[in-house]
Each structure stands twice: as C-alpha cells, then as structure tokens.
Amino acid sequence: MNEQDVINAFYNYYKEFSYEILEIKFIFTLGGSYDINVLYKNNENIKETILDGRELFKYERYIYNLFISKIETNDKFNIVIYKIKNDGTHSSVYLWENEKSHQDLLDYAEVFYQWVNERMMSMIFEYEKDNDLVPTEYDSDGDLEYLSSWDSGVFTFHIDKNNNLVYKVVLTKDDKERTLDLPLRDYFVEGILDHYKVTNNELSDDWKPWNTMILKSLHYDIPYDKREEFVNYILE
C-alpha cells in the first residue's frame, strides 16, 4: 500500500458527494491516538463530516503506521493533510507542529501519575499472588477469592546522579506498615526515567526540576482534581 492507494480509497468513498475540494486532516498525538477532520469545500461553502467507513480503516492504519515509523526520524510528522479535487487530482502535506507536540507532552505528563498508580497496583498483586502473599477465602459457592493485602501505599521513585532509578514501596494494612521488595518491570522503569527526562528537559519551562516522585495510593484510581494531594515532585 502507498499514498496513492490511500488517496484513491478516500476519493472513491466520497465520490457521490458534491465538492470542489475534499480535505482530510489527520492530527496525531505523541501517544499514538489521532483525530480525523473531513471537509467538503465548494467555493466559499465548507461542510464538515466524519471519516467513518469501515472499508477505510486499513487506510487509516496505513497512515498511523507511517506516523509511528517516522516519529524518531527527521521526517517525523503529527499532522497530515490530503486535498483531493473532484477530478481526482490531489496534494498532500506532512507537518510537524512543535506547539502541538509540546502540548501533547505536557498533557501526558500531567496524568502520568495515573499510569504509575495503575501499573503499581497491578504489579503488586501479581507479585504477591505469585509469592502467596495475598490473603484468600472461599466464597459461598466454594470459589477461591483473593482479598486485599493492603489498604494504602506510598511509592517513592528517586533518580540518582547516575540516572538510575532507586525506589521504595511501603504498604499499609490495618494501620500496620510493611516494605515490599517488589521487582519493577523493565517497561515501568523506562517509563519513570522517560518521564523524568521529558519533564526536566522538553517541559522545563512548565515543570519544576525534580528527581524524586512520591505517590500516595489509596488502592484505587486517584481523582484527577486531587493530584497535588496524592502526588509530590521534589528535588533532593
């Protein structure tokens, strides 16, 4: 598949509509999600619609895969605009908008703690389950049921002078604290280090310098409007 195949698919899908120029715009986030805007243009009249044909999905994925393949190169883009005339001729533009990229980074960084909390809860359960540390009981049907081994926790992540992650996991159950020697998954460590790098470099104008992130978990999702109550970034 190539760009011409994509253009032909869009052109054939919309050929029953009346337009002088059909404009299809893909807007990508750094996380890989995207929005699609479709406009019909006739003289000064502009009509907006959506790209919803199931037969077009594989062409959407082609553009998505192209975005992914270019994101680490000099040809990276986060905006694609196809303009197709009613005679089938077309033009295409692939753009990288720094302002949008910066906002994407900031939006993701501001909710990163949610990902940390979710992943930690999952890793704690998996580790304790594998090591028979999770209390169990049988329900009324005789099925084994796992109970909570902790009510709250404090997760501390510190990036040392060698850019290594040092961490501590303290869990509380019935007002009794214990430290859990939990091995972190490689992808999780990479995620914390990447968050540290981005917020201290690309986002340094928006984010105070830090090397220690302290997250208080209540063993469920942290409300978005209470981030400052449960998440603290400090410089040690």
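Relative to the ring axis of Tyr64, Arg61 places its NZ or CZ within 45° and under 6.0 Å from the centre.
In this structure, the separation between CG on Asp175 and OG on Ser152 is 8.5 Å, given to the nearest 0.5 Å. Interatomic distance, CD1 of Ile7 versus CZ of Phe10, reported as 7.0 Å (0.5 Å rounding). With rounding to the nearest 0.5 Å, the separation of CG in Asn211 from CD1 in Ile234 is 7.5 Å. For the atom pair His219 NE2 and Leu171 CG, the distance stands at 8.5 Å (nearest 0.5 Å). For the atom pair CE (Met1) and CG (Asn8), the distance works out to 11.0 Å, reported to the nearest 0.5 Å. Note that CD of Glu110 and CG of Leu106 are 4.0 Å apart. Values are rounded to the nearest 0.5 Å.
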Inset, instruction - I would like to know whether Val38 and Ile36 meet side-chain contact (heavy atoms from CB on, under 4.5 Å); could you show each step before the answer? - result: CA-CA 7 Å; Val38 182; Ile36 307 174; 4.2 Å; yes
Inset, instruction - Could you walk me through whether Phe230 and Tyr113 pass side-chain contact (heavy atoms from CB on, under 4.5 Å), step by step? - result: CA-CA 9 Å; Phe230 293 97; Tyr113 68 92; over 6 Å; no
Inset, instruction - Verify side-chain contact (heavy atoms from CB on, under 4.5 Å) between Val80 and Leu95, making sure each step is shown before the conclusion. - result: CA-CA 6 Å; Val80 182; Leu95 303 172; over 6 Å; no
Legend entry - CA sep, side-chain torsions, deciding dist, call: Gln114, Val116, side-chain contact (heavy atoms from CB on, under 4.5 Å): CA-CA 5 Å; Gln114 290 282 8; Val116 173; over 6 Å; no
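Hydrophobic clustering (side-chain heavy atoms under 4.5 Å, transitive across Ile, Leu, Val, Met, Phe, Trp, Tyr) keeps Val170 apart from Ile124. Hydrophobic cluster membership is shared by Leu193 and Met213, with clusters built from Ile, Leu, Val, Met, Phe, Trp and Tyr side chains linked at under 4.5 angstrom. Following chains of ILVMFWY side-chain contacts shorter than 4.5 Å, one can reach Tyr233 starting from Tyr108, so the two form part of one hydrophobic cluster. When the side chains of ILVMFWY residues are joined at heavy-atom separations under 4.5 Å, either directly or via intervening members, Tyr11 and Val93 end up in two distinct hydrophobic clusters. Both Ile63 and Ile68 belong to a single network of hydrophobic side chains, linked directly or stepwise wherever heavy atoms of I, L, V, M, F, W or Y lie under 4.5 Å apart.
The two residues Gln4 and Asn2 make their nearest non-hydrogen contact at N-OD1, 3.1 Å. Across Trp96 and Ile71, no two heavy atoms sit closer than the pair CZ3-CD1, 3.7 Å. For Leu235 against Pro209, the heavy-atom pair with the smallest separation is CB-O, 3.8 Å. Residues Asp174 and Asp151 come closest through the heavy atom pair N-OD2, 3.1 Å. Across all non-hydrogen atoms, the minimal contact from Glu97 to Asn78 is N-OD1, 3.0 Å. Of all heavy-atom pairs spanning Asp104 and Phe28, the tightest one is OD2-O, 3.6 Å.
In this structure, Asn117 contributes its side chain and Tyr220 its backbone to a donor-acceptor pair below 3.5 Å. A donor-acceptor pair under 3.5 Å is formed between the side chain of Asn86 and the backbone N or O of Tyr19. Judged purely by atom type and a 3.5 angstrom limit, Ser204 uses its side chain to pair as donor or acceptor with the backbone of Asn201. Remark: the backbone N or O of Thr212 is not paired with any side-chain donor or acceptor of Glu236 at under 3.5 angstrom. At least one donor-acceptor pair closer than 3.5 Å links the side chain of Asp160 to the backbone N or O of Asn162. Counting only distance, with no hydrogens or angles, the side chain of Tyr167 and the backbone of Leu182 share a donor-acceptor pair below 3.5 Å. The backbone N or O of Leu133 lies less than 3.5 Å from no partner atom in the side chain of Asn131, so there is not a single donor-acceptor pair.
Salt bridge annotation for Glu128-Arg178: present, with a cationic side-chain nitrogen under 4.0 angstrom from a carboxylate oxygen. A salt bridge is absent between Lys83 and Glu20: the closest approach of a Lys/Arg side-chain nitrogen to an acidic carboxylate oxygen does not fall below 4.0 angstrom.
Contact annotation: the side chain of Ile159 approaches that of Leu165 to within less than 4.5 Å [non-hydrogen atoms, C-beta and beyond]. Between Tyr62 and Lys58 the shortest side-chain heavy-atom distance does not fall below 4.5 Å. Within the 4.5 Å cutoff, side-chain heavy atoms of Val6 are placed close to those of Tyr82. Between Leu218 and Lys216 there is no side-chain heavy-atom pair separated by less than 4.5 Å. Annotation: side chain of Phe26 is not in contact with side chain of Ile79 (no heavy-atom distance under 4.5 Å). Considering only heavy atoms from C-beta on, Val169 comes within 4.5 Å of Met120 through its side chain. Annotation: side chain of Lys197 is not in contact with side chain of Asn163 (no heavy-atom distance under 4.5 Å).
Heavy-atom contacts from other residues, nucleotides or ligands closer than 6.0 Å to CG of Asp186 number 12 or fewer. In the displayed structure, Gln103 atom CD is contacted under 6.0 Å by more than 12 heavy atoms of other residues, nucleotides or ligands.
Side chains of Glu3 and Tyr94: a donor on one and an acceptor on the other come within 3.5 Å. Side chains of Tyr40 and Glu23: a donor-acceptor N/O pair is absent below 3.5 angstrom, by distance only. Remark: the Thr172 side chain and the Trp150 side chain contain no N/O donor-acceptor pair separated by less than 3.5 Å. No side-chain donor-acceptor contact under 3.5 Å links Thr73 and Asp75.
Separation of the Phe188 and Phe157 ring centroids falls under the 6.0 Å cut-off. Here Tyr196 and Trp210 bring their ring centres to under 6.0 angstrom of each other.
Between His195 and Trp207, the ring planes are perpendicular. Angles over 60° get that label, and only those under 30° would be called parallel.
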